[in-house]
Amino acid sequence: MYAATDDHGKRLANQTFTNGIDITEDEQARPRLAEPYETTKSNPVRSSTTSETCGPP
């Protein structure tokens, strides 16, 4: 979605999802994620898969 939008859409997404971007000493960009997205970085959502089906066959 981000790649397909125009500059205005990218600007809105950047303002929504980040509080800025830091440049490290080795010149790497590190986004500062805005809440609630910051919490997902430290607490990833785990999913599971199963081959069993639910309900009648």
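As the structure is a prediction and not an experimental result, all values here were calculated from the model.
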Could you list the donor-acceptor pairs under 3.5 angstrom formed between side-chain atoms of residues 3-13 and any protein atom two or more places apart in sequence or on another chain?
residue: Asp6; atom: OD1; partner: His8; partner atom: N; Å: 3.4
residue: Asp6; atom: OD1; partner: Gly9; partner atom: N; Å: 2.8

request  = With sequence neighbours left out, write down each residue that passes side chain to side chain contact (heavy atoms under 4.5 Å, CB included) with Gln28, or none if nothing qualifies.
outcome  =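 Per chain and number, Gln28 pairs via side chain to side chain contact (heavy atoms under 4.5 Å, CB included) with Thr24, Asp26, Arg30.
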
remark   = Tightest non-hydrogen contact, residues Asp22 and Arg32, listed as OD2-CD, 3.2 Å

key: side chain to side chain donor-acceptor pair (under 3.5 Å) partners for Asn19, two or more places apart   =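 Scan of Asn19 (side chain to side chain donor-acceptor pair (under 3.5 Å), adjacent residues dropped) gives none.
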
